A.B. asks: 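Before we start, here is the structure in question, set down as structure tokens.
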Amino acid sequence: MTRIRHIAFAAGDPGTLADFYSTAFGMTATERGEAGDVWLTDGYMDVALFPESAAMPRGIRHFGFA
């Protein structure tokens, strides 16, 4: 069965949102980029958080299936 395994968001403050996901959903940050992006996982679902910009306004950017 195909399921969503990855979601990417643009956020006003990716670090603060990553802290929330860690606390609320038990996710672990696997990578923090120099541009402020944060990658998290719970072992099944991966979440990428990018800083919002004019080219990437706040919201869901893409998602991936597996």
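Predicted model, so just to flag it, every value in this text is computed and none were measured.
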A.B. asks: Can you name the closest pair of heavy atoms from G12 and R58 and give their distance?
C.D. replies: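 Shortest heavy-atom contact: CA-NH2, 3.5 Å.
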A.B. asks: Is F25 linked to W39 within one hydrophobic cluster, defined over Ile, Leu, Val, Met, Phe, Trp and Tyr using a side-chain heavy-atom separation of less than 4.5 Å?
C.D. replies: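 No, no single cluster joins them.
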A.B. asks: Quick one: closest heavy-atom pair of M27 and M45, and the distance?
C.D. replies: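 Closest approach of M27 to M45, heavy atoms only: CE-O, 3.5 Å.
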A.B. asks: Do you know which two heavy atoms are closest between L40 and A18, and how far apart they sit?
C.D. replies: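 Smallest interatomic distance, heavy atoms only, reads CD2-O, 3.8 Å.
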A.B. asks: Is there a donor-acceptor contact under 3.5 Å from the side chain of R5 to the main chain of D46?
C.D. replies: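 No; zero donor-acceptor contacts below 3.5 Å.
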A.B. asks: Give a yes or no answer on whether the side chain of S22 reaches the backbone of G26 with a donor-acceptor pair at less than 3.5 Å.
C.D. replies: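 No; judged by distance alone, with no hydrogens or angles, the pair does not exist.
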A.B. asks: Measuring from atom CE of M56 to atom CZ of F9, what distance do you get when rounded to the nearest 0.5 angstrom?
C.D. replies: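 It is 13.0 Å, given to the nearest 0.5 Å.
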A.B. asks: In this structure, would F63 and L17 fall into the same cluster of hydrophobic residues linked by side-chain contacts under 4.5 Å?
C.D. replies: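 In one cluster with F63: L17, yes.
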A.B. asks: Kindly indicate, with the supporting measurements, whether the criterion side-chain contact (heavy atoms from CB on, under 4.5 Å) is fulfilled by D37 and L49.
C.D. replies: CA-CA 5 Å; D37 48 309; L49 305 171; over 6 Å; no
A.B. asks: Nearest heavy-atom pair of G15 and R32: which atoms, and what distance?
C.D. replies: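 Scanning both residues completely, I find the closest heavy atoms to be CA-NH1, 4.2 Å.
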A.B. asks: Of all the heavy-atom pairs spanning P14 and P51, show the shortest one and how long it is.
C.D. replies: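 Where P14 meets P51 most closely, the heavy atoms are CG-N, 3.5 Å.
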A.B. asks: Do I4 and F50 belong together in a cluster built from hydrophobic side chains that touch within less than 4.5 Å?
C.D. replies: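 No; tracing contacts between hydrophobic side chains, which count when under 4.5 Å, never links both residues.
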A.B. asks: Taking all non-hydrogen atoms of both residues into account, name the closest pair between R3 and Y44 and its distance.
C.D. replies: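 In terms of heavy atoms, the two residues are closest at CD-OH, 2.9 Å.
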